[in-house]
Amino acid sequence: MRAGGGLNTWIGHPFVTDTPPVRSLPPVRAQPMSHLDTSARLADPDALFAALVDAHRGLSPDASRRLDARLVLLLANHIGDAGVIAEAIAAARAAGEDP
Amino acid sequence: MATYRYPRYPAAPRPADGARHPVVVVGGGMVGLTAALDLAHRGVEVVLLDEDDTVSSGSRAICMAKRSLEIFDRLGLGRRMLEKGVTWNQGEVLFRDRTVYRFDLLPEEGHHYPAFINLQQYYVEDYLVAACRATGRVDLRWQHRVGAIEPRADGPVLAVETPQGGYRLTADWLLACDGARSTVRAALGLDFLGQVFHDRFLIADVVMEAEFPPVRRFWFEPPFHAGGSVLLHRQPDHVWRIDFQLGWDADPDVEKDPDRVRARVAAMLGPDVRFEIEWISVYTFRCRRLERFRHGRILFLGDAAHQVSPFGARGGNAGVQDVDNLGWKLAAVLAGQAPEALLDSYDAERIPANDENILNSTRSTDFITPKSAAARAYRDAVLELAGRYDFARGLVNSGRLSRPALLAGSPLNMQDDAAWPGGLPPGAPAVDAPVREDGQEGWLLTRLSHARVGPGSDGPAPFRLLRFAPPDGVILPDVETVFVTPAAEPGALHDHAGLVARRYAAAPGDAILFRPDQHVAARWHRFDPAAVAAARDRALARARPHAPPARQPSDEKGQHAGTTSEL
Ligand SMILES: Cc1cc2nc3c(=O)[nH]c(=O)nc-3n(C[C@H](O)[C@H](O)[C@H](O)COP(=O)(O)OP(=O)(O)OC[C@H]3O[C@@H](n4cnc5c(N)ncnc54)[C@H](O)[C@@H]3O)c2cc1C
């Protein structure tokens, strides 16, 4: 359960230099910027919808909210690209506003 | 307090009216005392005014960070603090009744000082007072309260109240270290803006014989304190700090009732642990800062300039870094080595540094005290995931503990003129490493701070050049050269573990220039006395401000620029 790096250690910070910095190497630069893909990508949309709704069965509103949050966090980590996630947040917000 | 006897310093007599002093420090808290000591070490005479007659009362700062200890080491107090303090490097985060996460803040060997010690603020100040006295250069004036200030172009005039009546004095330079309720700040009518957090915390310092390891422990919603968080720290003298989150609606007077506190502590420790309560307080906090820290000849340091929440121990430690940043600059200005414009770099360097502290502290607080149902759901989701998945541990925020500022964008930095494979970019504080000198074990940082007899090396603002080369007899006029070699050689530091070279990513022939506060000013793959002189001039703000530090136009691969911006 020990952290390998990140904000709670000095790894990646000049105090701790023996261990390769987790976040700062290799320099992430000049990579093509990826964008949120909003094209239709799901093979079976109905099944996905059902799976999401099923996951909430029997949960209180609070527990349900936490489940969604866990899901978002897992998926966000899987995507791993802060720019894409920021675009998704903006898209999600915009879609909920009055047209 | 049962474990500590407060010293009572005698009130200083009222001096004659109208004297003028080069430097006056207002406030003898941990920051003002450190400032006075630092300046005294640089040969400056200081008058320090404090309205009180003793050290920090009650229970406040305990966590002294590595960088502060390194600064205190330079001031001759590091060992004493290390010996008295409780050393810790590790933290544990628990959610309900399970450990979700452990971290190690310094998972490597070869450092003089640990990530943290816990030492009560009153000890720190007590040691500082004794050290200030020992210099013979600090005029400590207890029970001298600054009541009013008249700013003038050539230095402010202060009206000071003492038990024997008032007097006036003029300061060429005034260091306002008078804390969160700063009189100087109010007298200048400066805004102190920021965010108030709607939560209350109870501090219970208890004395007990307990064998918990010296690990920072933080609980979210433990069974013994439903709905809140709890933080446990071990201090010297068998004192333990327990910090209970109470919520905004708690009534501070009710919560301070000792019986009520005893019941809370007993619920936490279980029926078998005997303890005595040493101190109780209920606090709230804010994150805020002054827009600028320099106002002509008045400079603000510590809580007078900025405030954060205690989570992350970034308050007092930031103040000590303020001192480290300003001390040599003011000494250099007073000695005529640098123009007054050098003092503007105090703002340029310490404002971003303190914004980083405020940002970290605000984020921790938002995690610990979620402000909405959604924030709470995300917080709990993170904690639920953290027990199982590594990625979620990095999202748990029980306080991002104080780290020194990197001063990446400072106008005093000389940009690298070649690529570096890592190491410390200009602006970064020096990193320690074990070295041997004349067969004696020692530390690089010690060698980079304590003055050595040598031509031009001493003085108010000593710069040092670390050269990864055997001694070649080249002596620079204003910079002390320290040679480092992989094998033992007379006149050089022996990098016996290879850690100096590794931590600085240095190859034979490289040279690194350190400012008097041990931050990197410049580094080169080739030793060139003219380049060293130019970098020193820049770090003393002597270089004409022709252009901002140049980015490398030819730097297409972005190797070093990328590393710098990520650090
Ligand atoms: C609960 C708690 C826990 C904390 N934990 C930590 C921690 O673990 N680590 C950490 O680094 N920080 C911590 N802090 C923050 C730390 O205590 C402060 O940042 C630190 O005290 C700031 O020092 P200072 O010298 O700027 O101000 P202060 O300590 O407030 O000192 C100000 C001084 O000015 C004097 N003064 C005020 N007005 C006048 C006047 N008009 N004339 C003359 N003298 C005057 C006062 O007598 C006082 O001595 C904690 C704070 C709290 C409340």
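Within every chain, numbering begins at 1; the chains are lettered A, B, ... in the order of the sequence lines, protein sequences first and strands thereafter. A quick note: this is a predicted structure, and the numbers were derived from the prediction, not measured.
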Student: Just say parallel, tilted or perpendicular for the rings of W88(B) and F116(B), cut-offs at 30° and 60°.
Tutor: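 Rings of W88(B) and F116(B): parallel, as their planes differ by under 30°.
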Student: I need the single residue from N89(B), L401(B), V215(B), V396(B) that forms a side-chain contact (heavy atoms from CB on, under 4.5 Å) with F103(B). Which is it?
Tutor: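 That would be L401(B).
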Student: Does any backbone or side-chain atom of A392(B) lie under 4.5 Å from a heavy atom of chain A? Answer side chain, backbone, both or neither.
Tutor: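 For A392(B), there is no contact with chain A at all, as no heavy atom is under 4.5 Å.
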Student: Pick one of side chain, backbone, both or neither for A505(B), based on which atoms fall under 4.5 Å of a heavy atom in chain A.
Tutor: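 Neither part.
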Student: Test of understanding: with side chain to side chain contact (heavy atoms under 4.5 Å, CB included), list the residues that count as partners of A76(A), not counting sequence neighbours.
Tutor: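 Once residues adjacent in sequence are excluded, the partners of A76(A) under the side chain to side chain contact (heavy atoms under 4.5 Å, CB included) criterion are I85(A).
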Student: Under 3.5 Å, is there a donor-acceptor pair between the side chain of D495(B) and the main chain of V500(B)?
Tutor: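 Yes.
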Student: Of the backbone (N, CA, C, O) and the side chain (C-beta and beyond), which part of L71(A) lies under 4.5 Å from a heavy atom of chain B, both, or neither?
Tutor: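 The answer is neither part of L71(A).
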